[in-house]
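Heads up: the structure comes next, in structure tokens.
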Amino acid sequence: MGDYPSRSVNSTAGHLGVTPRHAQGAGSGVSPSAYEEPPIGGGGALPKKSRFSLETGFRGLSTAAGAMVLVIIVAIAVFLISKAIPAIQADSENFLTYNRWSPNEATPAFGIAVLALGTVLTSLIALVVAVPIALGIALFLTHYAPRRLATPLGFVIDLLAAVPSVVFGLWGRDLFQQPVRDFSVWLNHYFGWLPIFGGEGPFGQSLMLGGLVLAIMVLPIVTSLSREVFQQTPGMNEEAALALGATKWEMIRTAVLPYGKPGVIAAVMLGLGRALGETIALALTLGITWEISFNLIQTGGNSIAANIANSFNEANDTGRGALIASGLVLFAITLIVNMTARAIIYRRREFRDSAA
Amino acid sequence: MSLVDREMPQVVMTPDNIRSRRFPLVANLLVAVVAFAVSAVVVLTTGIGNWVLVIVLGGVLYLAGLNFAAGRVEGKRAARNRMWQAAIHTACLLAVLPLASVIWTLISKGAGRLDGDFFGTSMANIGARDANGGAYHAIVGTLEQVGIATLFAVPLGVLGAIYLVEYGRGRFAGTIRFFVDVMTGIPSIVAGLFVLSFWVLVVSKWFNDGNPEYSGFAASLALTVLMLPTIVRSTEEMLRLVPGPLREGSYALGVPQWKTILKIVLPTAAPGIVTGVMLAVARAAGETAPVLLVAGGLARINFDPFSGGQASLALYVYQQAADASKFAPARAWTAALTLVALVLILTIAAKLLARRNKLTR
């Protein structure tokens, strides 16, 4: 189908030398008026493309619906910026480096230093924990598990992705907190000399708890994307590796992993995007503090999204603007991360299509 | 007399000689037992940890021991293979544990308030000392918000996908496809902030005498933003699976393209599209953050999505989780159980529908 499919489809028939009489018979249901005066040439006997038809209307409608996506993304940026600018102008401190959040005072002073750090740290913990496990599961599903086990297990992983984040938050706070606290105490006892595991306590609602809950939430995304990538490994490559005497693991290392590398990187970045933007699970599991600290196990931590959820109810006009400004930063970061990830996938897709 | 027979007379070609030796299963289990026993002895006698550390250390010892022992029998490369296989199996076990724990907790803690009162009443006039109170208003809110969002997102998403598959060519369509993918990753809280700054703080003032108004409708706008890319993507994939000859047959009969799409392509792809929509609905029903920002979270029943604020099931869980009342956690867990049941039923139904879909098989 070309740019004008109704035309191009019909004109093919015209080129085959259909006589006007035949064409009239075949197409008379469409618009007979076009056949009054058949001009000379192949496609002339076919219905004229009318200027305003249902075809044009439908085409325009669907184009508008497609363009809506671009409109929404631009609108998000425009409206967030328009609400964020007055708040940032009212800020008496540096928005990027100040580490307190009191935008509702007479002289608003707020900055996202702590929030940005907490966002990045929790996401990093989540990725460090989730990515190896997710890759292991993806390999298991594609190359190790018998089909009878792989299908239900993949189903379970998909279900894990469907569980709402607020449920993970609740679970993390009410149930998972205790084991993590015990683990934190243990870490502090034996590895307290490391600054990230130091401190006097209390432990529990920490960056580590938030990061581990995030890890569970990121896991299904990374798993399902990298599973798809691994499945696409050409069977020839795998068989060639095995025929050269490679063991299964060597086959995976030499054929599957290199082939899937760009896809896995993209999957990890998409997981990162999800982790960065996660709100409610972190709002429930982090113990909110406003100290810049790399300590992973002491009660504390905060993140951009969690702060929006937590302080929205007390916010006045400036406070709301300040939260929107921090949301704008989050939007920009996730947009960059997602665009990079998608760009990797797209480059890969073109490469594959041209090679095929 | 062959070369082998001449050069190596002592080599006899029996099956034992030509096959590589294998590490027996019994030895494998033996290594496991020894590893965990050593781990238990070390950990428990020195008192550096509890049974969790025993398992973790035992697992590490098992992998190392397996690598060593199998290396002596089968050779280094085969032992490597074994070790990685064991590690990959462990990863799977690790992933199932949290899900099992979440589901177990949901059922054990959520069953407590699973009564008629919970599904029949709202939180109006429920104080901190009242043990009753329910989620009726929240269920109403969730259904209305998700319903309206579906009404917006499905036509938009399906039409957008039709553009991408049937009409869109060149750079513009490529850009749209790219940004649909990017939009999938927009955090839900950002969608909430967008609707807050666009609808609640600007547009809703026009209808409400200059005052910003929280409403369930605003929440459904935010959910639409979240559902749209998912629906476009899944519909696009389904439309691409519709065989080209079906379209060509229709064109050959003189049917215009728009009619072909509506009468031939869409019905063929319909089961797949419905699956995608159900998954998107399930995802939207579980979103808390956007509803928190723009719906206001009313404690009493409000059937009107356009004014006066609304709650939703997910928001209800969050609010009850933050509530100081000693009865709040029970309500939160029961609401969470209800929400998960709703979402999982939708997801499972969608997956079963997908399995019956003839296009994807």
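Here is how names work: the chains are called A, B, and so on, in the same order as the sequence lines, proteins then strands, and each is numbered from 1. Only heavy atoms go into these numbers, but all of them, side chains included; no hydrogens, no water, no symmetry mates.
Nearest heavy atom pair, residue A/Met339 against residue B/Phe178, reads O-CZ, 3.7 Å.
With a 4.5 angstrom heavy-atom cutoff, B/Ile103 does not touch chain A via any of its atoms. Proximity to chain B (any heavy atom under 4.5 Å) is restricted, for A/Thr334, to the side chain, taken from C-beta onward. Neither the backbone nor the side chain of B/Leu279 comes within contact range of chain A; no heavy atoms are under 4.5 Å apart. Looking at A/Ala64, there are no atoms closer than 4.5 Å to chain B (heavy atoms on both sides), in backbone or side chain. For B/Arg283, no part lies under 4.5 angstrom from a heavy atom of chain A. Heavy atoms of B/Gln85 lying under 4.5 Å from chain A belong to its backbone as well as its side chain.
Under the 4.5 Å side-chain criterion, counting only non-hydrogen atoms from C-beta, A/Lys83 is not in contact with B/Leu196. The side-chain heavy atoms of B/Val343 and A/Pro164, taken from C-beta on, include a pair separated by under 4.5 Å. Residues A/Leu70 and B/Phe172 meet the side-chain proximity criterion, which asks for heavy atoms closer than 4.5 Å.
Side-chain N or O atoms of A/Glu250 include none that pairs as donor or acceptor with a backbone N or O of B/Arg77 at under 3.5 Å. Using a distance-only test at 3.5 Å, with no hydrogens or angles considered, no donor-acceptor pair links the side chain of B/Asp181 to the main chain of A/Arg342.
Most heavy-atom pairs under 4.5 Å with chain B, from the set A/Thr223, A/Asp158, A/Ile304, A/Asn313: that is A/Asp158.
Atom CD1 of residue A/Ile216 and atom OG of residue B/Ser101 lie 8.0 Å apart, to the nearest 0.5 angstrom.
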Carefully, step by step, assess A/Trp186 and B/Asn50 under the rule side-chain hydrogen bond (donor to acceptor under 3.5 Å, both in side chains).
-> CA-CA 10 Å; A/Trp186 184 83; B/Asn50 57 5; over 6 Å; no

